[in-house]
There are 2 protein chains.
Amino acid sequence: MVTMSDVARLAGVSKMTVSNVVNNRPGVSDPVRRRVLEAVQQSGYRLNVNARTLKAGRTGVIGLAVPGVDQPYFGVLGEHVIAAAAAKGFHVAIEQTGAAAEGEAEAISQSHRLQFDGLIISAVILDPREQAHAWADFPIVMLGERDYGQAIDHVGMNNEAGSRAATEHLIERGCTRIANVTGWSLEGVHVGSRRYRGYTEALKAAGIPVDPALVCLSGMGQETGRRAVHDLHEAGVEFDGVVAITDSVAIGVMRGLADLGMRCPEDVRVVGFDDISVCEFLTPSLTTVAPGHRWMAEKAVELIASRLEDPSRPPEDHTAPYELKVRESTR
Amino acid sequence: MVTMSDVARLAGVSKMTVSNVVNNRPGVSDPVRRRVLEAVQQSGYRLNVNARTLKAGRTGVIGLAVPGVDQPYFGVLGEHVIAAAAAKGFHVAIEQTGAAAEGEAEAISQSHRLQFDGLIISAVILDPREQAHAWADFPIVMLGERDYGQAIDHVGMNNEAGSRAATEHLIERGCTRIANVTGWSLEGVHVGSRRYRGYTEALKAAGIPVDPALVCLSGMGQETGRRAVHDLHEAGVEFDGVVAITDSVAIGVMRGLADLGMRCPEDVRVVGFDDISVCEFLTPSLTTVAPGHRWMAEKAVELIASRLEDPSRPPEDHTAPYELKVRESTR
DNA sequence: TTGTAGGCGTTATCAT
DNA sequence: ATGATAACGCCTACAA
């Protein structure tokens, strides 16, 4: 490996001067600078970031813990986090939690404080307050939920408002029997319960009673959406609209409708959440709530960076703007 | 930050003994070991991986350079690479190249050799041979293409055979006017030209002439697939089957067909490539070539690991098994 | 079994 | 403007 010392010898200067040139610091005369750059070229020298960060006490790597990058939503999120981090000179190491509590706890407490300058975590299961002891002044940004009691940096989206807007939209379109195909549970604070709340608020505001038969606890995947529709059908439940917890679930729902010969949007209107890129190209294209991925990613990286600069800064809580994208599935 | 010295002082031993205990090395008496572990507990000491790897010259991080994790195919690939790497004790840092030559060259030559133990790169544009000088004995695995002249470790899929199987399948189904919606160019060695070749082979074997009017150079996204269908239609070209270069393109194609009131599979049969998870849930579900993501990911990580152990090992070239998944779009 | 010395590649600090 | 020195936290090699 070519080191600064090698370059220094080659250029006939000291290590320090090489360091100054390589890092574009002032206080080096033009001739010397030229000589050093030439030596760098010749030797093929590359800065050893590891050594640099050892000195700085930083690694330059931000961890991003998500359930799985194979899920389109997290893929898109990852894309934006990587871009935002790159803009600030950070690399991103992606950790997969498998949407399991152990995976998430692992991601937080295990080895990360050792390798990463900060962690952006999209916790699905874990209540991070339970893990508070594990990180103590290590920069963590929670993504996707709120209600962490201001104890921790957080970037969320407005789940209630988004879900409520989606439901109101269906009501405006004339739906009266609107199903909510949501996550695993309505208890606690998580995506499912939040979005369910938005759903019920919209119904109540419109004077429509909440019918438990229309609420499907299904999970979060495509297959679960499909099964939910089959279940509703088999139970003889009538419905003319579906608010799905995510686009993936909505896609499953649309597929389930097709299985049963129900047309979308003529018989049943469907709205999703996330605005993954395939939505626009489905037939029918899928109406959805776009949660401002880029906005969230940039804010999250910003929070990590600012906490590194000032570890004592009080926690901040940000909420991304959302937008309802109306497409054919609710025409 | 708590260092080994701190722990050593606390336990009343030397740094070295702490190091030995922390790394589970033999040659430490039980009482001392216990005392050290206690001190570690009390102080909250964590090993500084950075310092260790500065010494060892390794970081334990493998880079994965892909066009973008927001593309479903690369999301799935990333998922498997991360899992395979984790099984061998590596972290994965994902780099995005944006499918641009600069991005790819950057990913290879710029700073990575400094941070990563190896790089798995899915090069879309770049011919890596042109960059050969840039890495010299840095473990790189090329993903997705072949014909790198055995100069470099490579894990590919059988693009020709897969595409040929897809085309043959359409022929068997009775299609006679089969379009190929492919990448940017038919020249050179890349996914587009490879799969185009498989397409032509199948046609020739069946005695069907290759009609240039049926070959659409469109790009790689959903939108480009849709536009290709519109273009064919506007040009008055008749077709009853489409071999799309990727599932994303195929999804665009299906959407384009819907735009124009053409039914799939009744009027036009469509087959994709990649087997991204949404295929199964589309209406109609999409027939596609599954390229063995997991197999490729595991092999790639294996190659990095083995090259780290033996840098002089000759380059290997592996080809993943593929499988045609027949679904409704070609019924 | 335990400790000491030296160095990995870089940078901050202080001299020159 | 440039250089010498001493860290950063750990590990290898050797000494005790």
Side-chain angles (χ1 to χ4, degrees), chain A residues 1-40 43-61 89 91 111-117 138 308, chain B residues 1-40 43-61 89 110-117 138 308:
Chain A
M1 181 186 273
V2 185
T3 77
M4 266 192 187
S5 300
D6 299 326
V7 177
R9 207 176 316 117
L10 203 75
V13 299
S14 77
K15 287 199 297 182
M16 214 42 238
T17 301
V18 176
S19 176
N20 286 332
V21 170
V22 168
N23 290 286
N24 246 320
R25 277 187 281 255
V28 182
S29 67
D30 259 14
V32 172
R33 180 180 299 270
R34 231 188 320 275
R35 206 140 42 87
V36 170
L37 287 177
E38 223 166 89
V40 167
S43 59
Y45 166 78
R46 302 281 163 177
L47 184 82
N48 184 325
V49 179
N50 206 289
R52 183 224 286 273
T53 55
L54 167 62
K55 184 76 173 129
R58 303 250 175 103
T59 62
V61 177
H91 280 288
S111 64
H112 295 179
R113 353 177 17 183
L114 315 169
Q115 308 224 48
F116 302 157
D117 290 346
F138 170 72
L308 281 169
Chain B
M1 180 188 272
V2 186
T3 77
M4 267 192 184
S5 300
D6 297 327
V7 178
R9 206 177 316 117
L10 204 74
V13 299
S14 77
K15 285 199 301 182
M16 214 39 239
T17 301
V18 176
S19 175
N20 287 330
V21 169
V22 168
N23 291 285
N24 246 320
R25 278 187 279 257
V28 182
S29 67
D30 259 15
V32 172
R33 180 179 300 270
R34 232 190 318 276
R35 207 141 39 88
V36 170
L37 288 175
E38 225 167 87
V40 167
S43 59
Y45 165 78
R46 303 281 164 176
L47 186 86
N48 182 325
V49 178
N50 209 304
R52 168 203 290 204
T53 56
L54 170 61
K55 186 72 177 142
R58 301 256 174 102
T59 61
V61 177
Q110 199 69 336
S111 63
H112 296 178
R113 354 181 11 189
L114 314 169
Q115 306 222 53
F116 302 156
D117 290 347
F138 171 73
L308 281 169

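The chains referred to below are lettered A, B, ... by the order of the sequence lines, with proteins before strands, and numbering in each begins at 1. Keep in mind that the numbers below use all heavy atoms, side chains included, and drop hydrogens, waters and symmetry copies.
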Participant: Tell me the interatomic distance from Asp6(B), atom CG, to dC10(D), atom P, rounded to whole angstroms.
Facilitator: 9 Å

Participant: Which residue pairs pass the salt bridge (Lys or Arg N to Asp or Glu O under 4.0 Å) test when at least one of the two sits in residues 20-34 of chain B, sequence neighbours left out?
Facilitator: none

Participant: Test of understanding: with side chain to side chain donor-acceptor pair (under 3.5 Å), list the residues that count as partners of Ser14(A), not counting sequence neighbours.
Facilitator: Thr17(A)

Participant: Any residue in residues 10-19 of chain B with a heavy atom nearer than 4.0 angstrom to DNA chain C? Just list them by number, or reply none.
Facilitator: Val13(B), Ser14(B), Met16(B), Thr17(B)

Participant: With sequence neighbours left out, write down each residue that passes salt bridge (Lys or Arg N to Asp or Glu O under 4.0 Å) with Arg9(B), or none if nothing qualifies.
Facilitator: Asp6(B)

Participant: Rounded to whole angstrom units, what separation is found between the CE atom of Met4(A) and the P atom of dA7(D)?
Facilitator: 20 Å

Participant: Output the rounded distance in Å from CG (Asn20(B)) to C1' (dC10(D)).
Facilitator: 12 Å

Participant: Could you walk me through whether Val32(A) and Arg35(A) pass side-chain contact (heavy atoms from CB on, under 4.5 Å), step by step?
Facilitator: CA-CA 5 Å; Val32(A) 172; Arg35(A) 206 140 42 87; 3.8 Å; yes

Participant: How long is the line joining CZ of Arg35(A) and P of dG3(D), in whole Å?
Facilitator: 8 Å

Participant: Which atom names give the shortest non-hydrogen contact between Ser5(B) and Lys15(B), and what distance separates them?
Facilitator: OG-CD, 3.0 Å

Participant: Consider side-chain contact (heavy atoms from CB on, under 4.5 Å). Of Leu10(A), Asn20(A), Val21(A), which one does Val36(A) pass it with?
Facilitator: Val21(A)

Participant: May I ask you to list the residues of residues 25-32 of chain B, by number, that have any heavy atom positioned under 4.0 Å from an atom of DNA chain C?
Facilitator: Gly27(B), Val28(B), Ser29(B), Val32(B)

Participant: Describe, as an angle rounded to 10 degrees, how the axis at the first end of the helix from dT1(C)-dA16(D) to dT16(C)-dA1(D) is tilted relative to the axis at the last end, five pairs per end.
Facilitator: 40°

Participant: Starting from C1' on dT1(C), measure out to CZ on Arg34(B) and report it in whole angstrom.
Facilitator: 15 Å

Participant: To check you understand the geometry: which heavy-atom pair defines the closest contact between Tyr45(A) and Val2(A), and what is its length?
Facilitator: CD1-O, 3.3 Å

